[in-house]
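Have a look at the structure below before the remarks.
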Amino acid sequence: MFSFEFMRNAYLAGTLIAIVSGIMGVFVVARNMPFMTHTLSEIGFAGAAFGTFIGWTPLNGMLAFTTVSSILVGELSGAVQSRRESVISAISGLFIGLGILFLSLSNKNSSYATNILFGSVIGISHQEVIQMATLSVLVLVVLFFIFRNLKDDSFDSVGAKTNHIHAALISIVFLVLLAFSVSVAAQIVGSLLIFVLLTLPAASSKYFAHSVISMMMLAIGFAIFGVWFGLYLGYITNWPVTFFIASIEAVIYGSALLYNAIANKSK
């Protein structure tokens, strides 16, 4: 299997994606932002289609659209959390329409649209792996510097106010990092199912771990297992890798819910 360059690229890219998704996912779950992740995936679809239309790579198009839209959502939402869902819905609807328009104008066939929506492991080149690695490192470095403030703002709002943390700025920075994460991870699971890696591993980890760091480590483990095993099953069956990754993460999440239910009954 590893004699093929595309599989080596896929495993390397998948590992990077799993690490970033596991860490970012913990904050996505803590900040109740799965819907935002799903919306960014739809915006990523429009960005990839736009990139194809003007001659960019799909990844560059995703980065441009998701970054701008994440800042826009952060600015429009402001401190009024109740307004965020409406803003997200409006932006989501607009970008889905734009994605369909750009694909139509670029004259690409339906299989190309499928690759954007569901990912294309065999289409990842060595150059794209390098670009994904650069973006992943950038996300992790920025997270390292804002980790304490982001953790307080996500898990301890009272403490964040006491420490005079600029919640609005932290929120916008986090949304930009989330946009980068969505763009990177979409290369494996596609823009349509990106929320699988950015929510399910972290959502599962909270039933087994009791600290932020342990949640991150467990979420990374769940994500890596899903990606690695999904790639292997996709290779031996020739079925879509996204199907296996989504199924594995769903089974892990279901097992976490079952464990939590049993643990609560035994108390």
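Both backbone and side-chain heavy atoms feed into the values below; hydrogens, waters and symmetry mates do not.
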Q.
Assess the residue pair Ile146 and Leu177 against the criterion (side chain to side chain contact (heavy atoms under 4.5 Å, CB included)); give the C-alpha distance rounded to whole Å, side-chain angles, the decisive distance to 0.1 Å, and a yes or no.
A. CA-CA 11 Å; Ile146 69 169; Leu177 293 180; 4.0 Å; yes
Q: Give me the one residue out of Val196, Thr199, Leu200 that meets side-chain contact (heavy atoms from CB on, under 4.5 Å) with Tyr253.
A: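 Going through Val196, Thr199, Leu200 one by one, the side-chain contact (heavy atoms from CB on, under 4.5 Å) with Tyr253 is satisfied by Leu200 alone.
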Are [X] and [Y] joined in one hydrophobic group, where the rule is that I, L, V, M, F, W and Y side chains link up if heavy atoms are under 4.5 Å apart?
X      : Y      : value
Val20  : Val29  : no
Phe144 : Ile19  : no
Phe180 : Leu16  : no
Val68  : Val139 : no
Val129 : Tyr235 : yes

When rounded to the nearest 0.5 angstrom, what distance separates [atom1] in [X] from [atom2] in [Y]?
X      : Y      : atom1 : atom2 : result
Leu101 : Ile96  : CG    : CD1   : 14.0 Å
Ser21  : Ile224 : OG    : CD1   : 10.5 Å
Leu12  : Ile17  : CG    : CD1   : 9.5 Å
Leu231 : Ile236 : CG    : CD1   : 11.5 Å
Asn149 : Leu169 : CG    : CG    : 9.5 Å
Lys265 : Asn260 : NZ    : CG    : 12.0 Å

Close side-chain approach of [X] and [Y], heavy atoms under 4.5 Å:
X      : Y      : value
Phe102 : Phe45  : no
Leu178 : Leu198 : yes
Ile23  : Leu143 : yes
Ile71  : Leu175 : no
Ile213 : Phe147 : yes
Ile248 : Val227 : no
Met132 : Leu135 : no
Met215 : Phe208 : no

Would you say the side-chain atoms of [X] pair up with the backbone N or O of [Y], donor to acceptor, closer than 3.5 Å?
X      : Y      : answer
Ser104 : Ile100 : no
Ser69  : Thr66  : yes
Thr67  : Ala64  : no

Please report the closest heavy-atom contact between [X] and [Y], naming both atoms and the distance.
X      : Y      : value
Arg8   : Ser3   : NH1-O, 3.3 Å
Gly99  : Ala49  : O-CB, 3.5 Å
Ala48  : Met62  : CB-CE, 3.7 Å
Ser204 : Ala256 : O-CB, 3.8 Å
Ile245 : Gly226 : CG1-O, 3.6 Å
Glu249 : Ala223 : OE2-CA, 3.5 Å

Q. Around Tyr232, counting heavy atoms of other residues, nucleotides and ligands shown, do more than 12 lie under 6.0 Å from its OH?
A.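 12 or below, so no.
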Q. Ring centres of Phe229 and Phe244 under 6.0 Å apart?
A.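 No, the ring centres sit 6.0 Å or more apart.
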Q: Examine Tyr259 together with Tyr207 and report whether their ring centres are nearer than 6.0 Å.
A: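 Ring-ring flag for Tyr259/Tyr207: false, centres at least 6.0 Å apart.
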Q) Does any donor atom in the side chain of Ser211 or Ser214 lie under 3.5 Å from an acceptor atom in the other side chain? A)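 Yes, a side-chain donor-acceptor pair sits under 3.5 Å.
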Q: Take Ser205 and Met216, measure what side chain to side chain contact (heavy atoms under 4.5 Å, CB included) needs, and give me the verdict at the end.
A: CA-CA 8 Å; Ser205 69; Met216 286 181 176; over 6 Å; no
Q) Parallel, tilted or perpendicular for Phe50 and Phe65, by the 30°/60° rule? A)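 Correct class here is tilted.
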Q. Would Phe27 and Met33 satisfy side chain to side chain contact (heavy atoms under 4.5 Å, CB included), going step by step from the backbone distance to the final call?
A. CA-CA 8 Å; Phe27 294 109; Met33 297 181 67; over 6 Å; no
Q | Listed once per pair and sorted, the side-chain hydrogen bond (donor to acceptor under 3.5 Å, both in side chains) pairs that draw on residues 130-148, sequence neighbours left out | A |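 As it turns out, the side-chain hydrogen bond (donor to acceptor under 3.5 Å, both in side chains) pairs with a partner in residues 130-148, which skip direct neighbours, are Asn60-Gln131.
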Q: Just do the side chain to side chain contact (heavy atoms under 4.5 Å, CB included) check on Met24 and Thr37 with the steps written out, would you?
A: CA-CA 11 Å; Met24 288 293 294; Thr37 302; over 6 Å; no
**Q.** NZ/NE/NH1/NH2 to OD/OE distance under 4.0 Å, Asp156 and Lys151
**A.**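 Salt bridge flag = no for Lys151 with Asp156.
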